[in-house]
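Take a look at the structure set out below.
Excluded from the calculations below are hydrogen atoms, water molecules and symmetry mates; all remaining heavy atoms, backbone and side chain alike, are included. If you read the sequence from its start, that first residue is 1, and numbering goes on from there. Please read all numbers here as calculations on a predicted model, not as lab measurements.
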Amino acid sequence: MMNLQKAAFVKSAVSPKNFIRDGRPNIVFSGKSNVGKSSVINCLLNRKNLARVGAQPGKTVHINYFLIDDTAYFTDLPGYGYAKVSKAERERWGALMEQFFAEQELITLGVMIVDGRHKPTANDVTMAEWFQGTGRPMVVVGNKTDKLKKSELEPNLALIRDTMKLPEQVPVIAFSAETGVGRDRLLGIIQRYCQGAERDPQRTIID
């Protein structure tokens with residue numbers, strides 16, 4: 001098992017020449033601005049602010065790498081879908097993402113974070129298509145589900161799966177960065193991929 005206490009920021013990549021390609025497993029996190037992506041990463045690592053929380057969304061088009069236990073990377077893709085971002089910034093984001101997803105070996109496991117309270121946006125659907133287009137395994141995290149009534153949880157998770165057209169082998173996890181719900185389940189999946197037991201992209205994720 002990885003020592004999650006041994007986690008450190010490594011670098012920010014602004015172009016393909018900065019992408020890390022050293023063969024370590026790469027757990028890639030993506031989500032729209034303000035969905036709580038940084039909070040999810042911090043929750044997984046039991047840290048308050050390793051991944052920055054609350055920065056003005058959409059202003060920086062960087063891919064941030066965190067090295068966990070000298071074993072694997074948690075890679076934080078820049079948020080998307082922020083309405084006030086300029087056209088030039090959106091184009092920069094799109095170009096960087098196209099270049100990143102063009103190298104499928106950069107992704108060991110995709111962790112896509114959506115708002116578990118609402119129907120996924122068109123941008124969420126597009127991002128899911130990008131992940132699936134690589135042929136790499138992915139998991140979808142419905143964050144902020146602590147705000148839902150119990151009767152709303154399963155219908156919301158089903159709506160996420162249907163809207164994003166996710167195949168059965170893609171888990172959709174109810175999660176709360178505030179309460180830690182879903183943390184152990186997500187960490188279990190991540191740990192198995194980091195250990196190499198399930199790196200074959202054709203294998204079904206079992207959790």
Side-chain angles (χ1 to χ4, degrees), residues 1-14 18-20 24-82 93 96-97 100 106-118 120-121 123-124 127 131 137-148 153 157 160 171-195 207:
M1 301 289 285
M2 287 188 298
N3 178 7
L4 299 173
Q5 300 302 311
K6 191 177 179 183
F9 171 75
V10 176
K11 68 184 291 188
S12 291
V14 296
N18 304 127
F19 295 163
I20 293 179
R24 288 186 177 96
N26 201 347
I27 310 303
V28 178
F29 293 81
S30 182
K32 68 180 182 180
S33 299
N34 293 336
V35 77
K37 179 161 51 72
S38 295
S39 296
V40 170
I41 295 172
N42 288 330
C43 174
L44 290 173
L45 299 175
N46 274 329
R47 302 281 280 270
K48 289 187 177 180
N49 57 3
L50 183 68
R52 289 200 317 174
V53 177
Q56 188 172 3
K59 284 297 184 184
T60 307
V61 184
H62 290 166
I63 296 173
N64 293 316
Y65 290 90
F66 302 89
L67 182 59
I68 315 300
D69 196 23
D70 294 325
T71 300
Y73 294 104
F74 279 14
T75 301
D76 185 11
L77 300 184
Y80 55 84
Y82 189 57
W93 179 90
L96 186 63
M97 291 302 94
F100 184 85
L106 295 178
I107 303 173
T108 303
L109 173 70
V111 179
M112 189 174 165
I113 300 163
V114 299
D115 191 327
R117 303 169 298 176
H118 306 298
T121 66
N123 287 325
D124 289 328
M127 180 57 72
F131 268 118
M138 69 179 291
V139 56
V140 174
V141 173
N143 193 27
K144 305 183 181 182
T145 53
D146 57 298
K147 305 292 195 289
L148 293 174
L153 184 58
L157 296 180
I160 290 169
V172 179
I173 298 176
F175 197 94
S176 170
E178 293 291 325
T179 67
V181 167
R183 177 180 182 270
D184 289 346
R185 183 181 175 194
L186 179 56
L187 271 179
I189 294 172
I190 290 172
Q191 292 271 18
R192 288 198 295 276
Y193 275 92
C194 289
Q195 292 165 358
D207 66 309

Nearest 0.5 angstrom please: [X] [atom1] to [Y] [atom2], how far?
X	Y	atom1	atom2	answer
Q5	R47	CD	CZ	7.0 Å
I107	I27	CD1	CD1	10.5 Å
C194	I189	SG	CD1	12.0 Å
I190	Q195	CD1	CD	12.0 Å
K144	T179	NZ	OG1	13.5 Å

>> Tell me if the aromatic rings of F9 and Y65 count as close, with their centers under 6.0 Å from one another.
In response: no

query: Are the aromatic rings of F100 and F19 close, with centres under 6.0 Å apart?
result: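 Yes.
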
Is the backbone N or O of [Y] less than 3.5 Å from a side-chain atom of [X], with the two atoms forming a donor-acceptor pair by type?
X	Y	result
D69	N3	yes
K37	L77	yes
W93	Y80	no
T145	F175	yes
R185	I173	no

So which heavy atom on [X] is nearest to which on [Y], and how close?
X	Y	answer
N143	I113	CB-CG2, 4.0 Å
L106	V28	O-CG2, 3.9 Å
D146	E178	OD2-CB, 4.2 Å
Q191	M2	OE1-N, 3.1 Å
S33	G79	OG-C, 3.7 Å
C43	S176	SG-O, 4.4 Å

Between [Y] and [X], is there a side-chain donor-acceptor contact under 3.5 Å, judged purely by atom types and distance?
X	Y	value
S12	N64	yes
S39	N42	no
N26	T75	yes

*Check the pair Y73, I68 against side chain to side chain contact (heavy atoms under 4.5 Å, CB included), reporting the backbone distance first and the verdict last.*
CA-CA 6 Å; Y73 294 104; I68 315 300; over 6 Å; no

Would you say the side chain of [Y] lies within less than 4.5 Å of the side chain of [X], judging by non-hydrogen atoms?
X	Y	answer
V111	S30	no
N18	K11	yes
D76	I63	no
H62	V14	yes

**OP:** Let me see the working for F66 and L45 under side chain to side chain contact (heavy atoms under 4.5 Å, CB included), right down to the final yes or no.
**Re:** CA-CA 11 Å; F66 302 89; L45 299 175; 5.5 Å; no

Decide side chain to side chain contact (heavy atoms under 4.5 Å, CB included) for N46 and R183; before the verdict, give the C-alpha distance in whole Å, the side-chain angles of both, and the deciding distance to 0.1 Å.
CA-CA 10 Å; N46 274 329; R183 177 180 182 270; 3.2 Å; yes

Can F29 and F74 be said to form a ring pair (Phe, Tyr, Trp, His ring centres under 6.0 Å), step by step?
CA-CA 7 Å; F29 293 81; F74 279 14; 5.1 Å; yes

Practice task
Evaluate the side chain to side chain contact (heavy atoms under 4.5 Å, CB included) criterion for residues R24 and L67: first the C-alpha distance (whole Å), next the side-chain angles of each, then the deciding distance (0.1 Å), finally the verdict.
Solution key: CA-CA 10 Å; R24 288 186 177 96; L67 182 59; 3.8 Å; yes

Which of D124, V140, V141, D115 passes side-chain contact (heavy atoms from CB on, under 4.5 Å) with I160? Answer is V140

